[in-house]
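These numbers come from a predicted model, not from an experiment.
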Amino acid sequence: MRLRQIEVFRAVMLTGSASAAARWLNVSQPVVSRVIQHTEAQLGFALFERVGGRLSPTPEAGALFAQVKRAWGEIERIEALADNLRRGASGLLRVAATPSLATHLLPGALARLRAEHPAVVYDLWALHTRQIEDALVAYEVDAGLAIDPVAQVTMSLASVAEGEIVLVAPRAWASGVLRLGERDWLDARPYIALAEETPLGLRLAQAMSAAGWEPQPAMRVQTYALAATLVGQGLGFAFVDSFTAAGLDPAQVLRQPLAPAITCQLQLMRAAGTTSSVLVSRLVDGLRGAIQAQAGAWSGATRLRLGGAGLE
């Protein structure tokens, strides 16, 4: 299939009719019909069945379209790269991040990047890690950001910064507490539990189990971002990554690292085989700058001992 055939086929698949595809491509309907007929003759099988004046994709068209979407994503990447090269430190950068990173860390990095390169346009996605992987494989985004994503042959991972799991709790709870390093002040308090399906969630659950601490959840959530929001509303305590915690208001939320520490890695995700662009490299610099600016949040902080008094 030639590029023009791919373009017309994609338009028909997305719009559902030759007339709608023609309007989208700014050509006449007979042109679309002729391209589809020529493509079917060239391929040796039908792409569409004519049903009630509409084009219904055949199973072969569905299989072909899956590959066309991936190929079209790469074409868009080429166009974006050419645009970036033409305009220098401007262009388009497509970034996907997990909801907590998109909310609490990415804005600070983008503020730094935009101050230096105001002409850059950004497509920003807040997705779960598996969705980021799918978007990268489909070339829908240029880079992804996640905490401890699972290594895959389709992914290229690069560490941006090291963080750790921290306790976050309503600041009002700490009033009158003498030993913030002990966990007894959290007894009988509502616990906001995180999903254990992630590698970091499993490590936290294992550490709490080894310490003999099993607080009963009052709520269960799927993202660190939602857990942090609920804590900010005074609804319970939770454990989140330090990047999320650093973005919370210290006047409203108490933030405590743990002892022993449970570390994590903020990773830059790329589709395997792709090369890093100048804009992605500058985004990483912005992320590291934003993280460095947040570092003061933990200076002198008392660590919460998971094992309770006398245990580390």
Side-chain angles (χ1 to χ4, degrees), residues 97-105 126-133 144-152 155 157 159 161-170 173-174 179-248 253-267 269 298 301-312:
T98 56
S100 59
L101 295 174
T103 302
H104 297 282
L105 179 61
L127 304 172
H128 293 290
T129 303
R130 291 177 183 173
Q131 294 172 316
I132 294 175
E133 294 168 356
L145 296 168
I147 303 250
D148 288 346
V150 177
Q152 299 186 41
M155 291 294 109
L157 303 180
S159 177
E162 183 173 274
E164 60 180 302
I165 287 292
V166 301
L167 165 78
V168 289
W173 290 6
R179 300 179 304 172
L180 281 175
E182 313 301 340
R183 71 183 196 214
D184 53 3
W185 66 281
L186 295 169
D187 290 345
R189 299 284 193 179
Y191 172 45
I192 302 170
L194 294 163
E196 298 180 3
E197 289 78 8
T198 65
L200 198 55
L202 289 171
R203 289 174 57 199
L204 174 63
Q206 292 166 356
M208 294 178 71
S209 178
W213 189 24
E214 297 183 6
Q216 293 302 307
M219 302 180 189
R220 296 183 188 276
V221 298
Q222 299 298 311
T223 68
Y224 294 120
L226 179 54
T229 299
L230 295 174
V231 172
Q233 293 295 315
L235 295 176
F237 72 93
F239 297 96
V240 302
D241 63 272
S242 54
F243 309 112
T244 298
L248 302 178
V253 177
L254 174 71
R255 303 168 295 186
Q256 277 191 278
L258 307 181
I262 302 176
T263 60
C264 58
Q265 292 286 331
L266 171 61
Q267 300 273 8
M269 305 168 65
W298 313 115
T302 302
R303 287 188 173 268
L304 177 74
R305 286 184 286 273
L306 284 181
L311 296 176
E312 290 287 345

Scanning both residues in full, the closest heavy-atom pair of V253 with G232 reads CG2-CA, 4.0 Å

Minimum heavy-atom distance A169-W185, with the two atoms named
CB-CH2, 4.1 Å

Can you sort out the partners of D187 under salt bridge (charged side-chain N to carboxylate O under 4.0 Å, His left out), two or more places apart, ordered by chain and number?
none

Nearest heavy-atom contact between Y191 and Q216 is CB-O, 3.7 Å

Take a 6.0 Å sphere around CZ of R130 and say whether it holds more than 12 heavy atoms from other residues, nucleotides or ligands.
no

By side-chain contact (heavy atoms from CB on, under 4.5 Å) - contacts of T229 (at least two apart)
none

Indicate yes or no: at least one non-hydrogen side-chain atom of L266 is less than 4.5 angstrom from one of L105.
yes

Find out whether V240 and V166 are in side-chain contact, i.e. whether some heavy atom of one side chain is under 4.5 Å from a heavy atom of the other.
yes

Got a second to check how far E133's CD is from H128's NE2, nearest 0.5 Å?
12.5 Å

Measure across Q265 and A161 and return the closest heavy-atom pair with its distance rounded to 0.1 Å.
OE1-O, 3.5 Å

Begin with the C-alpha distance, continue with both residues' side-chain angles, and end with the deciding distance and a verdict on side chain to side chain contact (heavy atoms under 4.5 Å, CB included) for L200 and F239.
CA-CA 11 Å; L200 198 55; F239 297 96; over 6 Å; no

Set of residues satisfying side-chain contact (heavy atoms from CB on, under 4.5 Å) with respect to A228, sequence neighbours excluded
H104, T244, L248

Main-chain N/O of A245 paired to R255 side chain as donor or acceptor, under 3.5 Å
yes

Contact check, side chains of I165 and Y224, non-hydrogen atoms, under 4.5 Å:
yes

Let me check something: any side-chain donor-acceptor pairs from residues 201-215 under 3.5 Å, sequence neighbours excluded? List them with distances.
unit_1	atom_1	unit_2	atom_2	d
R203	NH1	T263	O	2.7
R203	NH2	T263	O	2.9

For G163 against S242, the heavy-atom pair lying closest together:
CA-OG, 3.4 Å

Are any non-hydrogen side-chain atoms of T98 and F243 less than 4.5 angstrom apart?
no

Output the distance between atom CZ (R220) and atom CG (L194), rounded to the nearest 0.5 Å.
10.5 Å

Rounded to the nearest 0.5 Å, how far apart are CE of M219 and CG of L235?
4.5 Å

List the residues meeting side-chain contact (heavy atoms from CB on, under 4.5 Å) with Q222, not counting sequence neighbours, and say none if there are none.
A195

Check whether R183 reaches the backbone of L306 with its side chain - one donor and one acceptor, N or O, closer than 3.5 Å.
yes

Point-to-point distance, once rounded to the nearest 0.5 Å, from CZ of R303 to CG of L167
12.0 Å

List the residues meeting side-chain contact (heavy atoms from CB on, under 4.5 Å) with P149, not counting sequence neighbours, and say none if there are none.
T129, A146, L157, Q267, M269

M155 vs V150 side-chain heavy atoms within contact, under 4.5 Å
no

4.5 Å side-chain heavy-atom contact, P170 and V231
yes

Sequence neighbours left out, what pairs pass salt bridge (charged side-chain N to carboxylate O under 4.0 Å, His left out) with at least one residue falling in residues 256-266?
none

